[in-house]
Amino acid sequence: MLRSIVAAILMPLASYGVLADGPADNIASSVRPIPPAGIEIDQQVIQSLRQRCDAIRASWSDVMVQAEQTVQHSKKWQQATARKKRNELRSLEPEVLVFPRAVELAIELNQFYKEGEVDSANQLLDLAEHRIKLANEGVSWEEVIGIRDGKQQQLIVGGYRSKIDGSFQPYAVVVPKGFAQGDSRPRRLDLWFHGRGEKLSEVNFLFNGQKSAGQYTPDDSFVLHPYGRYSNAFKFAGEIDVLEALSYLQSRLPVDEHKIAARGFSMGGAACWQFATHYADRFFAANPGAGFSETPEFLKSFQQEDLSGTPDFQRKLWRLYDCPPWSRNLVHCPTVAYSGELDRQKQAADVMESALAEHDIDLIHVIGPQTEHKIHDDSKVEIEQRMKSLASLAKSDVPRQIDLTTYTLRYNRMHWVHVEGLQQHWEKAHVTASFLNDQQIELNTENVTHLRLSFRSGQWPGDFPCSPVLKIDGTQLIGPPIHSDRSWEISLAKQQGRWVIAEDHDTLRKRPGLQGPIDDAFMDSFLFVLPSKKSSNEKLQAWYEQEAKHAMSHWRKHFRGDIRVVNDHEVTKEMILRHHLVTFGDPECNTLLERLRDALPMQWSRDALKLGSKQYRQANITGIAIYPNPLQTSKYLVINSGFTFREYDYLNNARQTPKLPDWAIVDVTDGPTMRAPGLIVDSGFFDETWQVW
């Protein structure tokens, strides 16, 4: 089964035309495929590209084998140097192999859209070969990727290895004039989120990244263009791509961590709103343009979509990426919005302007006169002046006042305040924290059960030495003394209505990175686990196979991932420790689920499925869920699901929100559709201790 499913996901896509977003894309029965199919390329050309990719991989393998042999055969006094070279080579692997991977994906997913893109692919492979030659000569990372003497601006492309699935993901970065090898002076970095591009394959992204610097190139600043794992508005794995690409470049380039900006236009504007409201403490400023800032009003106005039948749990899950409920967080992130006067997507900033006004924040909204969906030249000048001023005033000081709003522990931090537990997910949680003086902090909380205050080395801004006094929701506590390096940390828990200093015991509860919903499992390292046995129910067996294939193929083409998959009996202790496990089947056919049967909230029997106090006795039902893995409770166990939005939702990025909560009971009699895995009989969220409500 494993071999047949993996082979099936590599089949080419059917050919369809590409249409613009609009009411035609609201018809679920005639969904056009995303990504669209490319043109027909001569098979000899395709074969030549495949051979070049294989040769590059073989050449790189030879380089690494030779480096390892050098380590093994070196004398003791030479081994440290040999190991260092081997490790440096290993770290360069993504910067080389991202190129053949991009070409292989374009072939696999039929994503050559113009004849000239074949030439682009060959030029990328030329670059990979050149980098192998340089790496083997032992030169630095800067020399391998092409950073030279700093006499002019440079456009660099490359790749990093993602923690999610081990894949090599691409990035592009603008290196400013004046920056040369060995330069260690910290510089500003702007993140630029690109617009929607259904034909933006990795080949096109990497090739164009060497030719175009993008909309803005501030003086003496890096500009990072993340790929975002294709066309998903930088959500889910696309969101993690941004954070990983930024972290990777920070490890390679002298980025001033206090001068990082979030910017974007169109789909990238939507991403900018999301990042600014969720990660407000990471940016000195945000500059969103057009895009969308929430789900229901945008889809009604832009897509003319009727959302009246949307289930309550999906409406609740809109809060994951809808920005108006999070808007107060922008007290920590200065924001300059842009819209064209005639642009329909001006609606995004208008909505945010109203949301911010409720918090007495007057949004700066630069409007391009008589302009549709583009950035007006005069507006660019004004925006750049404002962003330059904000960058010049960016401070490294630790703020003495914190104001944090959240709805989920996925986004739980604002500077030194970390929310570690909620009374109820998807309802507003709010924390304010203020230094009353150099020894006292006052905190007020709403819908919060666990807090951590954390100041890194040198960050404590108050008196030293001292033992800080906390006033939290009317309770006064005396904390431990400040450490000698001016770091400090304290954990707090609300017990029987009162706050206490607490050591966090390993109790089963929702916590950051382990809070659901199902889609959350695909934002960190995960592994597909397929059943090795057959279900006695033929309908269920066919559905398990179909949904496993669907989850893997759509991970591949929508989030551009590599597929890590094993059979149930191949799961090792190391896999359990390192990965979320995404299982398919039930205890009858999946031996891992059989092993965990008594520890799972869902209980299968011959004639029923039980969840909590409920029993479901339909003939062809099974369960879908996310739950802490009983074998490693810091990791998820997912049952019978990939990411939960499906083909219908690919057509507009605002639709790409979770379509299932923590658990669901599904009737598979009529099979899956473009919108759902089957007929959802029941669904819901686990409570904050992972129990059934």
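Worth saying up front: this structure is predicted, and the values here are computed from it rather than measured. If you read the sequence from its start, that first residue is 1, and numbering goes on from there.
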Counting distance only, does the side-chain N/O of [X] pair as donor-acceptor with the main-chain N or O of [Y] below 3.5 Å?
{"X": "His558", "Y": "His554", "result": "no"}
{"X": "Arg646", "Y": "Thr673", "result": "yes"}
{"X": "Ser553", "Y": "Lys549", "result": "yes"}
{"X": "Glu244", "Y": "Lys163", "result": "yes"}
{"X": "Arg52", "Y": "Asn122", "result": "yes"}
{"X": "Ser48", "Y": "Gln44", "result": "no"}
{"X": "Asn653", "Y": "Ser231", "result": "yes"}
{"X": "Thr583", "Y": "Val638", "result": "yes"}
{"X": "Ser162", "Y": "Ile164", "result": "yes"}
{"X": "Arg187", "Y": "Val255", "result": "no"}

Which residues share a side-chain contact (heavy atoms from CB on, under 4.5 Å) with Arg282, sequence neighbours left out: Leu243, Tyr279, Arg413
By side-chain contact (heavy atoms from CB on, under 4.5 Å) - contacts of Ala172 (at least two apart): Val157, Phe205, His225
Evaluate whether atom [atom1] of [X] has more than 12 neighbouring non-hydrogen atoms of other residues, nucleotides or ligands under 6.0 angstrom away.
{"X": "Lys380", "atom1": "NZ", "value": "yes"}
{"X": "Glu40", "atom1": "CD", "value": "no"}
{"X": "Glu115", "atom1": "CD", "value": "no"}

Interatomic distance, Leu92 atom CG to Ile132 atom CD1 [nearest 0.5 angstrom]: 11.0 Å
From NZ (Lys374) to CD (Gln215), nearest 0.5 Å: 10.5 Å
Step-by-step side chain to side chain donor-acceptor pair (under 3.5 Å) determination, Gln47 to Gln43: CA-CA 6 Å; Gln47 184 60 23; Gln43 285 304 303; over 6 Å; no
Summary of salt bridge (Lys or Arg N to Asp or Glu O under 4.0 Å) pairs that have at least one residue in residues 165-177, sequence neighbours excluded: Asp165-Arg229
Pairs flagged by salt bridge (Lys or Arg N to Asp or Glu O under 4.0 Å) wherever residues 247-270 is involved - sequence neighbours left out: Asp190-Arg263, Arg263-Glu384
Test side chain to side chain donor-acceptor pair (under 3.5 Å) applied to Lys199 and Ser201, step by step: CA-CA 6 Å; Lys199 296 181 179 180; Ser201 65; over 6 Å; no
Check ion pair [X]-[Y] (N to O, under 4.0 angstrom):
{"X": "Arg196", "Y": "Glu198", "value": "yes"}
{"X": "Asp562", "Y": "Arg161", "value": "no"}
{"X": "Arg564", "Y": "Glu570", "value": "no"}
{"X": "Asp519", "Y": "Lys235", "value": "no"}
{"X": "Asp219", "Y": "Arg188", "value": "no"}

side-chain contact (heavy atoms from CB on, under 4.5 Å) between Thr371 and Asp343, intermediate numbers included: CA-CA 7 Å; Thr371 302; Asp343 191 351; over 6 Å; no
Tyr171: partners by side-chain hydrogen bond (donor to acceptor under 3.5 Å, both in side chains), with sequence neighbours left out: Glu95
Partner of Phe236 by ring pair (Phe, Tyr, Trp, His ring centres under 6.0 Å), out of Phe522, Phe643, Tyr321: Tyr321
Worked verdict on Glu117 versus Asn204 for side-chain contact (heavy atoms from CB on, under 4.5 Å): CA-CA 7 Å; Glu117 292 174 16; Asn204 288 336; 3.3 Å; yes
Aromatic ring pairing Tyr227/His194, orientation class (parallel under 30°, perpendicular over 60°, tilted between): tilted
Mutual orientation of the aromatic rings belonging to Phe292 and Phe298 [parallel < 30°, tilted 30-60°, perpendicular > 60°]: tilted
ring-ring contact (aromatic ring centres under 6.0 Å, His included) pairs, two or more places apart, involving residues 251-270: Phe265-His373
Verdict with reasoning, Gln111 to Tyr113, per side chain to side chain donor-acceptor pair (under 3.5 Å): CA-CA 6 Å; Gln111 281 192 278; Tyr113 298 106; 3.2 Å; yes
Criterion side chain to side chain donor-acceptor pair (under 3.5 Å) on Gln169 and Ser167, from CA distance to verdict: CA-CA 6 Å; Gln169 294 294 326; Ser167 60; 2.8 Å; yes
Test item: side-chain donor near acceptor, Tyr160 and Asp241, under 3.5 Å: yes
